[in-house]
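Numbers for residues simply follow the sequence, beginning at 1.
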Amino acid sequence: GFSVRETAEALEISEANVKTRTSRAKALLRLEVEKSYNKTELFEFNRVYCDGMVERVMKAIGEFKI
């Protein structure tokens, strides 16, 4: 929950270094997650979870007055 600046100060490193380390950590985490799941499972569009939202959005669009 820290900002880049706060993290840099706490670790006594530059803000650029914080960004680099964060990027590397995300890449490593992605690789570890991909070992346990295939990409289809991770990025699959599962419309069951979206149907309710789509329905509400379409209803709001239908009720929109210009």
Could you work out, with side chain to side chain contact (heavy atoms under 4.5 Å, CB included) as the rule, every residue matching Arg5, not counting sequence neighbours? Ser3, Glu9, Glu15

Indicate, with yes or no, if Ile13 and Val4 share a hydrophobic cluster defined by side-chain heavy-atom contacts under 4.5 Å among Ile, Leu, Val, Met, Phe, Trp and Tyr. yes

Side-chain atoms of residues 18-28: list all donor-acceptor pairs with protein atoms under 3.5 Å, sequence neighbours left out, distances to 0.1 Å.
{"residue": "Thr20", "atom": "OG1", "partner": "Ala16", "partner atom": "O", "Å": "3.0"}
{"residue": "Arg21", "atom": "NE", "partner": "Asn17", "partner atom": "OD1", "Å": "3.2"}
{"residue": "Thr22", "atom": "OG1", "partner": "Val18", "partner atom": "O", "Å": "2.8"}

